[in-house]
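All remarks here apply to the structure that follows.
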Amino acid sequence: MLRCKGVIDEIRTMFRYRYCSMSVLSQDYSKLVFLQDDRSLEFHVQHGRYYKLRVPRFGRDLVYNDLTCNIYVAGDGPEIFRLNLELGRFSRSLLSPTCNVDGIDCLALNKHNGLLASGCSRGLVELWDDRRTPIKVGSLPADSGARSVKYRNAIELAVGTRDGSILLYDLRSNKPYLRKEHRYDLPIKSLYFSESAGLAVSADEKVVKLWHIDSGKPFTAIEPEATINDCRVYEDSGLIVLALEAPTMGVYYVPELGAAPRWCGFLDNLTEELEETPIGATVYDDYRFTTDEELRSLGLSHIVGTNLVYPYLHGYFIDYRLYQRASQLADPFAFQRYREERIASKIDEIRENRVKLK
């Protein structure tokens with residue numbers, strides 16, 4: 001959601017636009033296009049909104065082909081609208097004969113050969129060749145209906161269905177060679193492949209699952225408390241960002257997917273420290289948990305930010321030997337008081353065991 005605030009005649013107004021999809025038109029953030037729920041395309045540059053136009057139907061998804069300068073927009077109807085940015089006008093639409101009732105839900109563009117994949121709730125994924133004359137070149141079954149599509153490479157396509165299944169296809173066959181179940185009966189919202197790690201990332205409203213591409217065996221899962229609206233993996237890295245039904249976004253780092261992005265390289269240092277620490281139930285046996293107030297009372301507030309303390313929750317873990325030394329220096333008579341209290345408690349116990357005369 002994008003919010004624009006302004007003051008007109010001393011009245012503050014707020015304009016809210018809900019975006020269905022977006023695409024980056026340049027190599028950086030300087031040129032963006034947004035598909036809005038009010039049947040319009042909005043182009044943004046660095047200083048803000050640049051241009052806005054309407055599309056004939058309400059849209060659901062869009063993709064951008066940087067080789068032909070075409071923006072493909074799919075929505076409520078059977079058409080896939082083509083907007084050519086070089087010519088500045090709409091080209092002849094791609095018409096799907098099987099998605100004329102429920103419309104088209106998702107699009108995916110193959111960067112290797114230019115094949116466009118479109119999925120609809122009628123249980124079909126259609127393939128289009130738009131390199132010369134637009135033509136439909138094939139179709140694949142999608143069981144309960146396609147909710148998301150993603151190309152793995154030039155000849156392999158993944159389809160996320162409405163009932164929580166992921167189907168991996170070789171485009172030379174209309175039968176999936178692998179089927180992965182989420183087992184929540186929720187639509188698959190996003191898909192991602194990491195070829196270097198051999199892992200796939202799939203997400204529905206409840207969970208994000210990482211699994212091996214070749215076998216489908218699970219690797220790990222991320223289950224946030226809030227509902228997942230979308231999942232994005234930073235390209236060629238292990239950084240996962242979740243759009244949640246919460247005030248803040250969910251950010252996770254999985255080193256097995258790839259290295260951390262250059263702008264947050266500290267994540268690699270953090271994981272290296274965790275790898276050097278033995279994993280088990282006794283990780284913090286030699287450490288003591290302290291709060292900020294306790295560190296200040298011990299005169300150790302100056303070591304915050306060094307490798308002598310480890311931030312955890314609302315306090316820090318500190319080496320137990322360092323804590324003992326600091327406690328002795330801060331209160332040298334603490335042990336004497338403790339000894340006297342223990343002696344007094346033992347004397348009281350002995351007195352209670354004595355025979356009392358009536």
Side-chain angles (χ1 to χ4, degrees), residues 21-24 27-28 61 63-67 72 106-119 125 127-129 131 137-138 140 142 146-161 164-182 188-204 207-222 228 230-243 250-265 267-268 271-272 275:
S21 182
M22 67 163 292
S23 181
V24 181
Q27 296 181 353
D28 54 11
D61 197 8
V63 292
Y64 174 64
N65 189 348
D66 54 0
L67 298 178
Y72 303 93
C106 52
L107 296 173
L109 183 68
N110 195 320
K111 298 297 184 180
H112 301 277
N113 51 35
L115 282 181
L116 179 69
S118 62
V125 175
L127 304 176
W128 307 84
D129 188 358
R131 288 174 292 186
V137 295
L140 300 171
R147 184 60 178 81
S148 59
V149 286
K150 178 72 173 180
Y151 279 101
R152 180 187 175 187
N153 49 42
I155 60 173
E156 294 185 11
L157 176 70
V159 179
T161 65
S165 302
I166 299 100
L167 309 176
L168 292 182
Y169 284 97
D170 189 314
L171 297 182
R172 296 166 292 187
S173 173
N174 61 354
K175 294 183 179 180
Y177 68 86
L178 181 65
R179 185 186 186 97
K180 174 67 178 178
E181 299 284 349
H182 263 224
I188 303 299
K189 293 197 170 186
S190 64
L191 296 164
Y192 175 81
F193 294 101
S194 175
E195 296 297 336
S196 59
L199 297 174
V201 181
S202 55
D204 57 23
V207 65
V208 178
K209 290 193 174 183
L210 284 77
W211 42 280
H212 295 277
I213 301 175
D214 297 331
S215 62
K217 294 182 179 179
F219 177 75
T220 188
I222 302 172
I228 301 173
D230 199 2
C231 173
R232 287 291 181 266
V233 181
Y234 192 85
E235 196 68 29
D236 298 328
S237 76
L239 188 65
I240 301 176
V241 182
L242 303 182
V251 182
Y252 302 87
Y253 179 54
V254 183
E256 286 77 8
L257 281 179
R262 185 177 58 182
W263 43 270
C264 57
L267 292 177
D268 286 328
T271 54
E272 289 176 1
E275 289 176 355

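Hydrogens, waters and symmetry mates play no part in the numbers below; they use all other heavy atoms, side chains included.
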Please evaluate residues V201 and L191 with respect to the criterion side-chain contact (heavy atoms from CB on, under 4.5 Å), reporting the C-alpha separation (whole Å), side-chain torsions for both, the decisive distance (0.1 Å), and the verdict.
CA-CA 6 Å; V201 181; L191 296 164; over 6 Å; no
Could you check Y72 against N65 for side-chain contact (heavy atoms from CB on, under 4.5 Å), going step by step and ending with a plain yes or no?
CA-CA 8 Å; Y72 303 93; N65 189 348; 3.9 Å; yes
side-chain contact (heavy atoms from CB on, under 4.5 Å) assessment of L115 paired with Y151
CA-CA 10 Å; L115 282 181; Y151 279 101; 3.6 Å; yes
Please walk me through it: do L157 and V125 pass side-chain contact (heavy atoms from CB on, under 4.5 Å)?
CA-CA 10 Å; L157 176 70; V125 175; 4.1 Å; yes
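Using a 4.5 Å heavy-atom cutoff, the side chains of V159 and K150 are not in contact. Counting heavy atoms from C-beta outward, K180 and P218 have side chains that approach closer than 4.5 Å. When side chains are defined from C-beta on, Y192 counts as touching E235, because their heavy atoms get closer than 4.5 Å. Within the 4.5 Å cutoff, the side chain of L257 has heavy atoms near those of the I240 side chain. A 4.5 Å side-chain heavy-atom check between I228 and V208 finds at least one atom pair inside the cut-off. Looking at L171 and L140, their side chains come closer than 4.5 Å, going by heavy atoms from C-beta outward. The side-chain heavy atoms of L168 and F193, taken from C-beta on, include a pair separated by under 4.5 Å.
Here side chain to side chain donor-acceptor pair (under 3.5 Å) pairs that include residues 108-117, with residues two or more places apart or in two chains, are N110-N113.
S23 and Y64 get closest at one heavy-atom pair: OG-CB, 3.4 Å. Closest non-hydrogen pair, A260 versus L267, comes out as CB-CB, 3.9 Å. Shown here for G216 and L178, the closest heavy-atom pair between the two residues is N-CD2, 4.1 Å. A pairwise comparison of heavy atoms in S202 and W211 identifies OG-NE1, 3.0 Å as the closest pair. Nearest heavy-atom pair, D230 versus S190, reported as atom, atom and distance to 0.1 Å: OD1-CB, 3.8 Å. Nearest approach of E156 to N153, heavy atoms of both residues: N-OD1, 2.9 Å.
Residues that satisfy the side chain to side chain contact (heavy atoms under 4.5 Å, CB included) test with S118, not counting sequence neighbours, are I80, I104, L107, E126, W128. Partners of P261 under the side chain to side chain contact (heavy atoms under 4.5 Å, CB included) rule, at least two apart in sequence or in another chain, are Y234, S237, L239, W263, C264. In this structure, the salt bridge (charged side-chain N to carboxylate O under 4.0 Å, His left out) partners of R131, at least two apart in sequence or on a different chain, are D129. Not a single salt bridge (charged side-chain N to carboxylate O under 4.0 Å, His left out) links E256 to another residue, sequence neighbours left out. For S215, the side chain to side chain contact (heavy atoms under 4.5 Å, CB included) partners are H212, K217, not counting sequence neighbours.
From I188, atom CD1 reaches atom SG of C231 across 11.0 Å, with rounding to the nearest 0.5 Å. To the nearest 0.5 Å, atoms CG (L199) and NZ (K209) are separated by 14.5 Å. Residue D61 holds its CG atom at 10.0 Å from OG of S148, rounded to the nearest 0.5 Å. In this structure, R152 CZ and Y169 OH are separated by 16.0 Å, a value rounded to the nearest 0.5 Å. To the nearest 0.5 Å, atom CD1 of residue I213 and atom OG of residue S194 are 7.0 Å apart. Distance check: R232 CZ to L242 CG gives 11.0 Å after rounding to the nearest 0.5 Å.
There is no side-chain donor-acceptor pair under 3.5 Å between H182 and S165.
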